[in-house]
Amino acid sequence: MTAAAHFSRRAFLQGSLGALTLAVTAKGWITTAAAAQAEARKYGADSMPGGTVDDPLVFVSIAADGAVTIVAHRAEMGTGVRTSLPMVVADEMEARWERVQVIQAPADEARYGNQNVDGSRSVRHFLMPMRRVGAAARQMLEAAAAARWSVPVGEVKAEQHEVVHLPTGRRLSYGDLAVDAAKQPVPTGDALKLKARSEFRYIGKEQVRLVDLEAIGKGQATYGMDMRLPGMVYAVVARPPVVGGRVRRVNSAKALAVPGVLKVVEIPAMQGAPAFQPLGGVAVVARNTWAARQGRDALQIDWDDGPNAAYDSAAYRQTLQAAARAPGKTMRNQGDAAQAWAKAPDAQRLAAEYYVPHLAHASMEPPVATVQIKGNGAEVWTSIQNPIAARDAVAARLKLEPANVKVNVLLLGGGFGRKSKPDFVDEAAIIARAMPEGTPVKLVWTREDDIRHDYLHTVSVERLEAVIDPQGQVQSWLHRSAAPTIASLFAEGAKGQQMFESAMSAINMPYRIPNVRVETAEVEAHARIGWFRSVANIPHAFAAQCFIDELAHRASKDPQAFALDLIGPARQIDPGALADTWNYTESPERYPYDTGRLRGVIEAACKGAGWGRTLPKGHGLGLAFCYSFMSYTATVVEVAVDDKGEVRVLAVDMAMDCGPQINPERIRAQMEGGAIMGLSLALTSEITFEKGRVTQSNFHDYEVLRHNASPRVIRTHLVNDDHALPPGGVGEPPVPPVAPALCNAIFAATGKRIRSLPVRKVA
């Protein structure tokens, strides 16, 4: 509506630049958690840098021909947010979807609100602001029509791209009203009237296709790897093979002799805690990526491997096991688990240890960024989850004012948390600074670069101990987690998982157990530990959900019945009562732990899978469930295991309760993708180290699930579409229950327990 009749998309984007605040600072989630505790009344979007913006003059423009342009201010990496949030605006403003075009906002949190798409927060934080944007636009159009006709505003109504005068049937199009509507005051507070649910045209329906679907299908969409500019040069980097390593000496003569190679640029070594710094190394710049790669291969580099040169996965696993068997830092203590364990006879005790290796994000599109420097400014084109972090990294590196750095956000070919860390954008800026002014530099990571130099998901040993009485009731529970912490990214020597990590499926367990103790071990990190889709929920839920299945077997009870009994009746629990002071930065009053909703997804998944039916020999059903990112998910996996120990996944039934279902098609897509990713990390994926080096390099040895190993059937069950509830996350919650459900199914099929991932084959 700011656009009025002659406002082009180019002009709109050019007018969208401004000063911003950093979305994820060098302290990342640690800062967010600390801020939420220090300022108890700031929760959710209010606790995030940039907060929310709900001004229709920022997000909506209408052309003279009635075309509506809606700004998508958050990056698209497959979740559908570039469709879902504009769809909400269009629904509330009564715009015809076929007359809507969506444009991507550049990095500008002062204008658009928070733009960091980590943490399954997009719909959770921006559903209501985007509804207010659309409703305000609708009312401004109605007010403009009423003024044009000199009638009371109560006599007019917006309907599908027109405003109608109800008594006479007169109509004005949105294009006719755009200029006048933009001059109307923006309604706020009680003056703002949101639609009733019965009036929704798109919200909760499944007829709206992804705005990028056709372009993606035709290969016409622009991802970071597709970026092209006149005069562009290409760069690749030889990085230290060990985190914390540096270049001793480099001989670049042979590299410079490769046809097409233009320059060799040294990248400064990482200093202190990794944060979002480049690792260092040597860049080769060339006229094309092939020449750059050939030049890199020709470099003669003598590396100093630094303090992590001896890092070895087998030895470190033993370190973690030892740490998990010793007392650690207390994160939750209720009753006296130690005394209950000491007094229980051996027959009532059960202990188990579970192992999850390092995991790489392995997104289909490796990191890539293009940077061009002109005068006292720079422009970036990249696939990034956190545009403001990229902007601030480039500004700091080039000593520019942040307002003079423009970050254009392109489609992401996957992200999973990797692409919120802008080290690769920083690398591109360093190389662009070394080239003649105005030269666009496109930095490309190869698949090998991505696997070997990722911010890895933490490796973990989880130890569980429980006492179960003769009636099958769990009397005590000890969960001790030994894993390097994400805090090590931001503070040298940081050890032991932080509250936000422990709060992910470790301390926030709602079970009816009188004696509970949760501890973390203080172990060092020897790699860059970063957040990964669903983060610490993966190892914690894997251990806890497998252990619950083991307890059910010990009690000679059906796993579903045992789980429901352990959870107990439907009730709402203050997260603080579970020692969870983080609660994904959300208000504990608005987002209590609701055991009724957890029970609901368990029952839905089991019903969908036909739980309790007779299965052929070698087949098994396994159940697991998880509460994460404010949503409730349960999964049942059906497997068949042959005489050679080969595992075939026959079916996955996944139920999710995310509260209001805004775009059900995208929810189902995320559930299906989460099932595949969860099976992948359970069956095949593993990063290991020898002499400080990642031993895997590409998809032949860092395996992701192949088509022939995928489940024959994935059934999704959406539960409890209650618009009275605040929305939960969708992108991350599907992943954690998949691996334990798979392993529990293998036990049901074979009687063999799996406590270490990846499974690969049942011995």
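These numbers were taken from a predicted model, which means no experiment stands behind them.
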Those residues at least two apart in sequence (or on a different chain) that pass ring-ring contact (aromatic ring centres under 6.0 Å, His included) with Phe689 are Tyr311, His358
Test salt bridge (charged side-chain N to carboxylate O under 4.0 Å, His left out) applied to Arg590 - qualifying residues, sequence neighbours left out:
none
Decide, yes or no, whether a salt bridge links Asp423 with Arg418 under the criterion of side-chain N to carboxylate O below 4.0 Å.
yes
Look only at the side chain of His457 and the backbone of Val535, and say whether a donor-acceptor pair between them is shorter than 3.5 Å.
yes
Of all residues at least two apart in sequence or in a different chain, which pass the side chain to side chain donor-acceptor pair (under 3.5 Å) check with Gln661?
none
Under the rule for ring-ring contact (aromatic ring centres under 6.0 Å, His included), what residues qualify as partners of His479, not counting sequence neighbours?
His540
With a 3.5 Å distance limit and no angle check, can you tell me whether Lys329 reaches the backbone of Gln497 through a side-chain donor-acceptor pair?
no
Considering only residues two or more places apart or on different chains, which pairs with a residue in residues 532-545 satisfy salt bridge (charged side-chain N to carboxylate O under 4.0 Å, His left out)?
none
Under the side chain to side chain donor-acceptor pair (under 3.5 Å) rule, collect the residues that match up with Ser631, sequence neighbours excluded.
none
Counterpart residues, ring-ring contact (aromatic ring centres under 6.0 Å, His included), relative to Tyr591 (two or more places apart)
none
Just to verify, which of Glu353, Glu519, Glu465 counts as forming a salt bridge (charged side-chain N to carboxylate O under 4.0 Å, His left out) with Arg325?
Glu353
Residues in salt bridge (charged side-chain N to carboxylate O under 4.0 Å, His left out) with Glu586, at least two apart?
Arg124
Can you list the residues that meet the ring-ring contact (aromatic ring centres under 6.0 Å, His included) rule with His73, with sequence neighbours excluded?
Phe59, Phe126
Flag, side chain of Asn114 to backbone of Pro49, donor-acceptor distance under 3.5 Å:
yes
Exam field: side chain Asp118 to backbone Gly417, donor-acceptor pair closer than 3.5 Å:
no
For the atom pair CD (Gln385) and CZ (Arg74), what is the distance rounded to the nearest 0.5 Å?
10.5 Å
Restricting to salt bridge (charged side-chain N to carboxylate O under 4.0 Å, His left out), what partner residues turn up for Arg512, sequence neighbours left out?
Asp565
Side chains of residues 734-741: which donor-acceptor pairs under 3.5 Å do they make with residues two or more places apart or in other chains?
none

Taking the side chain as every heavy atom from C-beta outward, state whether Arg132 and Pro129 have any pair of such atoms under 4.5 Å apart.
yes
Suppose we screen for salt bridge (charged side-chain N to carboxylate O under 4.0 Å, His left out). Which residues come up paired with Arg599, at least two apart in sequence or across chains?
none
